[in-house]
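We count ligands from 1, going down the list as the structure has it; atoms in each ligand are counted the same way. Predicted model, so just to flag it, every value in this text is computed and none were measured. When reading the values below, keep in mind they use all heavy atoms of this one structure, side chains included, and skip hydrogens, waters and symmetry mates.
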Amino acid sequence: MGTGPALGAGFFFIFTSMKHLVAPSLLAADFTRLAEEVELVNESQADWLHLDVMDGHFVPNLTFGMLIIQAVRKLSTKPLDVHLMIREPEKYIEQYRDAGADVITVHYEACPHLHRVIQQIKESGAIAGVALNPHTPVSALEDILEEVGLILLMSVNPGFGGQKFIYNTLLKIQRLRNHLAVRNLSARIEVDGGIGLHNAEKILQAGADVLVAGSAIFKADDPKDTIRRFKEIGGEIMKFV
Ligand code: DX5
Ligand code: ZN
């Protein structure tokens with residue numbers, strides 16, 4: 001941790017350096033051994049546990065809902081980072097919060113009344129996140145950035161684990177990091193999909209501060225050690241406060 005002045009947009013910011021967060025995505029875990037998989041995350045250096053909720057409508061796949069999250073809440077010692085890939089998420093925000101979500105992220109593309117949903121998440125007491133699909137420009141968030149605690153940039157098309165990282169995401173991360181700095185905002189930038197030890201450094205250098213990884217962690221021979229290696233990559237992130 002260090003602080004110091006930095007010049008930006010014609011005036012001085014105070015910046016502080018922070019280590020990035022790692023959020024293993026349970027989607028790639030072995031669900032026949034769910035308790036053991038959650039326990040390995042508990043014992044690791046992971047910061048959050050990422051949970052992918054899919055409804056078969058917003059994305060062409062179905063996963064789990066609040067019942068599983070409630071069960072995971074009982075097993076996990078880490079904050080639960082719930083990524084809702086569902087239509088009409090406003091119908092279920094309080095239920096996901098009650099199930100144990102600490103961060104609730106909804107998709108920009110699924111919310112015609114995004115501002116209202118973000119307020120609803122904040123009122124529930126969770127950190128409010130908004131996710132962007134690969135084709136949605138970060139400029140779409142211009143009028144909502146002040147309201148959110150986290151922006152999730154999808155680096156694959158949502159719906160499945162194990163896909164290839166879309167490299168255009170690096171430009172989106174840089175653009176968003178720049179917007180946040182110029183406007184003196186401290187929302188976190190989370191990146192999700194196709195992340196492995198081979199590309200994590202580039203993603204962090206572009207300005208990400210939360211890395212989600214499913215297959216790269218749970219399909220590894222030693223998931224705990226892989227999490228440790230994810231944590232060790234790169235330097236510290238400079239955040240404006
Ligand atoms: C995809 C999900 C991701 C997924 C990432 O729609 O949002 O969180 O679990 O999986 P990997 O790391 O395997 O690409
Ligand atoms: Zn996700």
Side-chain angles (χ1 to χ4, degrees), residues 20-31 34 37-38 40-41 44 46-66 68-69 72 76 78-87 89 96 101-110 121 126-136 148-170 172-173 188-204 208-221 223 226-227 229-231 233:
H20 62 274
L21 307 185
V22 174
S25 167
L26 204 64
L27 189 64
D30 176 354
F31 277 73
L34 192 56
E37 298 280 62
V38 174
L40 89 77
V41 175
S44 77
D47 299 280
W48 294 350
L49 181 57
H50 185 84
L51 296 155
D52 289 303
V53 176
M54 304 185 190
D55 66 352
H57 293 282
F58 179 66
V59 287
N61 197 6
L62 270 167
T63 54
F64 48 77
M66 48 286 262
I68 297 288
I69 291 176
V72 170
S76 176
K78 308 283 182 180
L80 302 186
D81 175 31
V82 175
H83 178 191
L84 297 179
M85 284 161 275
I86 62 174
R87 283 191 193 158
Y96 280 106
D102 297 285
V103 183
I104 300 179
T105 298
V106 293
H107 266 262
Y108 168 86
E109 300 83 2
I121 298 172
I127 294 173
V130 59
L132 295 185
N133 278 341
H135 74 279
T136 306
V148 298
L150 177 141
I151 302 109
L152 186 162
L153 297 179
M154 285 306 305
S155 39
V156 297
N157 286 293
F160 303 93
Q163 303 181 75
K164 212 170 153 307
F165 185 84
I166 298 171
Y167 273 87
N168 182 59
T169 313
L170 295 178
K172 292 177 74 174
I173 301 167
R188 293 180 193 277
I189 303 178
E190 180 172 46
V191 184
D192 183 8
I195 300 181
L197 291 168
H198 64 289
N199 57 11
E201 186 161 15
K202 276 201 171 61
I203 297 164
L204 292 172
D209 45 15
V210 187
L211 299 179
V212 176
S215 329
I217 291 174
F218 286 101
K219 310 288 186 213
D221 292 337
T226 307
I227 294 169
R229 291 170 69 190
F230 267 113
K231 282 296 285 182
I233 290 171

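- Here the side chains of D47 and K78 are not in contact, with every heavy-atom distance at 4.5 Å or above.
- Here I166 contributes atom CD1 and K172 contributes atom NZ; the two are 8.5 Å apart, rounded to the nearest 0.5 Å.
- Of all atoms in ligand 1, listed by their number and element, those nearer than 4.0 Å to a heavy atom of H50 are 8 (O).
- Judged purely by atom type and a 3.5 angstrom limit, N133 has no side-chain atom pairing as donor or acceptor with the backbone of T136.
- Close contacts of ligand 1 with G162, meaning ligand atoms under 4.0 Å from a residue heavy atom, involve 11 (P), 13 (O), 14 (O).
- With a 4.0 Å cut-off on non-hydrogen atoms, A213 touches ligand 1 through its backbone and not its side chain.
- Of all the heavy atoms in L80 and V72, the pair that sits closest is CD2-CG1, 4.1 Å.
- Judged by distance alone, with hydrogens and angles left aside, the side-chain atoms of D209 form no donor-acceptor pair with the main-chain N or O of E190 at under 3.5 Å.
- A heavy-atom distance below 4.5 Å is not found between the side chains of V22 and W48.
- Checked against a 3.5 angstrom limit, the closest N/O atoms of G159 and ligand 1 fall inside it.
- Per-residue contacts place H83 under 4.0 angstrom from the following atoms of ligand 1 (heavy atoms of the residue considered): 7 (O).
- Here is the list of ligand 1 atoms found below 4.0 Å of a heavy atom in P158: 6 (O).
- A distance of 11.0 Å separates CD1 of I217 from NE2 of H50, quoted to the nearest 0.5 Å.
- A side-chain donor-acceptor contact under 3.5 Å links Q163 to the backbone of F160.
- Separating the CD1 atom in I203 from the OH atom in Y167 is a distance of 6.5 Å, to the nearest 0.5 Å.
- With rounding to the nearest 0.5 Å, the separation of CZ in R87 from CG in L84 is 15.0 Å.
- Of all the atoms in ligand 1, the ones that sit under 4.0 Å from a non-hydrogen atom of G193 are 14 (O).
- Atoms of ligand 1 lying under 4.0 Å from at least one heavy atom of M54, given by number and element, are 6 (O).
- Where the criterion is an N or O separation shorter than 3.5 Å, residue side chain and backbone included, G214 meets it with respect to ligand 1.
- Any N or O atom pair closer than 3.5 Å counts here, and D52 shares at least one such pair with ligand 1.
- With hydrogens left out, the protein atom closest to atom 9 (O) of ligand 1 is S25 OG, 2.8 Å, a heavy atom.
- Note that CZ of F218 is 10.0 Å distant from CG of D30, once rounded to the nearest 0.5 Å.
- Neighbouring protein atoms of the Zn ion (ligand 2) (N, O or S, distance under 2.8 Å, waters ignored): H50 NE2, D52 OD1, H83 ND1, D192 OD2.
- Ligand 1 has at least one atom lying under 4.0 Å from a heavy atom of M85.
- Under 3.5 Å, the side chains of D192 and S25 contain no donor-acceptor pair of N or O atoms.
- Side-chain contact between M154 and H83: present, with at least one pair of heavy atoms (C-beta onward) separated by less than 4.5 Å.
- Every atom of ligand 1 is numbered from 1 in the order shown, and the set under 4.0 Å from a heavy atom of S215 is 11 (P), 12 (O), 13 (O).
- Between V103 and L150, the closest side-chain pair of non-hydrogen atoms falls below 4.5 Å.
- Close approach of ligand 1 to G161 is summarised as follows: ligand atoms under 4.0 Å from at least one heavy atom of the residue are 10 (O), 13 (O).
- Closest protein heavy atom to atom 14 (O) of ligand 1: G194 N, 2.8 Å.
- Ligand 1 has at least one atom lying under 4.0 Å from a heavy atom of F160.
- Distances from atom 7 (O) of ligand 1 to the heavy atoms of N133, D192, V53, I217 show the closest one on D192.
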